[in-house]
Amino acid sequence: VQAAFFRMYSERVSGFALIAGNTFADTEKILAGRGPLADRAEREGMQPVIDAYLPRYYAPLFYTERPDLIDEGRRWMSEQSAVGAAAQIRGMAERVSADDLLEDIRVPSLVLAPSDDSWIPVAHLRAVADQLADCEFLEVAACGHMPMREHPAIVTAALTRLMARVSAAAP
């Protein structure tokens, strides 16, 4: 989403944050599963989406040490529109790689890389950060794909630093 916005409206971007996000398009294997999952969500409701995604959202330790967080995530997911989730899943399948944009992003940036994200490798996010002109790279230990839920204070502090850098860079 961030990269797509930058692609269309780069003149409106004064800071760039990639938090447990990626710049690459889906692999063929991932693409092959998106349509069937979206179809199941439309037919069966949110349970297939919860079954597919909830076990991968958090770092492994959260499933044993913070079952309240997992239960809350399950509840939130179950309250979502299955039609909306299906549309989002299909939309993710249409993402194009944004790696071609990285050298053009010349605003203060943040790349936050969860150490235990089962979807996005830290090495990929490190490579993304290395291509950005003014980037803070932050690897968060014991963190899965939901750093804003797993480590909200770390995410807030990183975004606060980014906002300060954006303010300092403003004309």
To the nearest 0.5 Å, what is the distance between [atom1] ([X]) and [atom2] ([Y])?
{"X": "Thr156", "Y": "His151", "atom1": "OG1", "atom2": "NE2", "result": "12.5 Å"}
{"X": "Glu42", "Y": "Ser81", "atom1": "CD", "atom2": "OG", "result": "9.5 Å"}
{"X": "Leu132", "Y": "Leu101", "atom1": "CG", "atom2": "CG", "result": "10.0 Å"}
{"X": "Asp130", "Y": "Cys135", "atom1": "CG", "atom2": "SG", "result": "8.5 Å"}
{"X": "Gln47", "Y": "Leu54", "atom1": "CD", "atom2": "CG", "result": "9.5 Å"}
{"X": "Glu65", "Y": "Ile70", "atom1": "CD", "atom2": "CD1", "result": "11.0 Å"}

Full working for salt bridge (charged side-chain N to carboxylate O under 4.0 Å, His left out) between Asp134 and Arg165: CA-CA 10 Å; Asp134 178 12; Arg165 290 172 44 229; 2.9 Å; yes
Flag the pair [X] / [Y] as yes when at least one side-chain heavy-atom distance between them is below 4.5 Å, and no otherwise.
{"X": "Asp104", "Y": "Gln131", "result": "no"}
{"X": "Ile154", "Y": "Pro147", "result": "no"}
{"X": "Ile50", "Y": "Ser78", "result": "yes"}

Which pair of heavy atoms, one from [X] and one from [Y], lies closest together, and at what distance?
{"X": "Leu110", "Y": "Leu159", "value": "CD2-CD2, 4.0 Å"}
{"X": "Gly144", "Y": "Pro114", "value": "O-CB, 2.8 Å"}
{"X": "Ala86", "Y": "Ala41", "value": "CB-CB, 4.4 Å"}
{"X": "Val166", "Y": "Ser14", "value": "CG2-O, 3.4 Å"}
{"X": "Val49", "Y": "Met77", "value": "O-CE, 3.9 Å"}
{"X": "Leu125", "Y": "Gly21", "value": "CD2-O, 3.1 Å"}

If only atom types and distance count, is the side chain of [X] paired as donor or acceptor with the main-chain N or O of [Y] below 3.5 Å?
{"X": "Arg34", "Y": "Arg90", "answer": "no"}
{"X": "Arg66", "Y": "Leu61", "answer": "no"}
{"X": "Ser109", "Y": "Val107", "answer": "yes"}
{"X": "Ser115", "Y": "Ala142", "answer": "yes"}
{"X": "Tyr63", "Y": "Tyr58", "answer": "yes"}
{"X": "Arg12", "Y": "Tyr9", "answer": "no"}
{"X": "Glu150", "Y": "Met146", "answer": "yes"}
{"X": "Gln80", "Y": "Ala85", "answer": "no"}

According to a hydrophobic-cluster definition based on side-chain heavy atoms being under 4.5 Å apart (Ile, Leu, Val, Met, Phe, Trp, Tyr only), do [X] and [Y] belong together?
{"X": "Val83", "Y": "Met46", "result": "no"}
{"X": "Val96", "Y": "Phe16", "result": "no"}
{"X": "Ile30", "Y": "Leu37", "result": "no"}
{"X": "Met92", "Y": "Phe5", "result": "yes"}
{"X": "Ile19", "Y": "Trp76", "result": "no"}

Sub-6.0 Å ring centroid separation between Trp119 and Phe24: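 When the ring centroids of Trp119 and Phe24 are compared, they turn out to be at least 6.0 Å apart.
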More than 12 heavy atoms of other groups within 6.0 Å of Glu103 CD: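 Counting neighbours around CD of Glu103, 12 or fewer heavy atoms of other residues, nucleotides or ligands fall under 6.0 Å, so no.
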Val140 vs Leu138, side chain to side chain contact (heavy atoms under 4.5 Å, CB included): CA-CA, chis, key distance, verdict: CA-CA 6 Å; Val140 180; Leu138 177 62; 4.1 Å; yes
Ring geometry between His145 and Tyr57 (parallel below 30°, tilted from 30 to 60°, perpendicular above 60°):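 Parallel: the ring planes of Tyr57 and His145 meet at under 30°.
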Salt bridge Asp117-Arg56, side-chain N to carboxylate O under 4.0 Å: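 Here Asp117 does not pair with Arg56 in a salt bridge, since their nearest N and O are not under 4.0 Å apart.
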Charged N-O contact under 4.0 Å between Asp39 and Arg43: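 No salt bridge links Asp39 with Arg43.
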Name of the residue among Leu102, Asp100, Ile120 meeting side-chain contact (heavy atoms from CB on, under 4.5 Å) with Thr23: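 Among the candidates, only Leu102 passes.
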Residue pair Arg149, Leu69: steps toward the side chain to side chain contact (heavy atoms under 4.5 Å, CB included) verdict: CA-CA 8 Å; Arg149 301 283 300 129; Leu69 195 66; 3.1 Å; yes
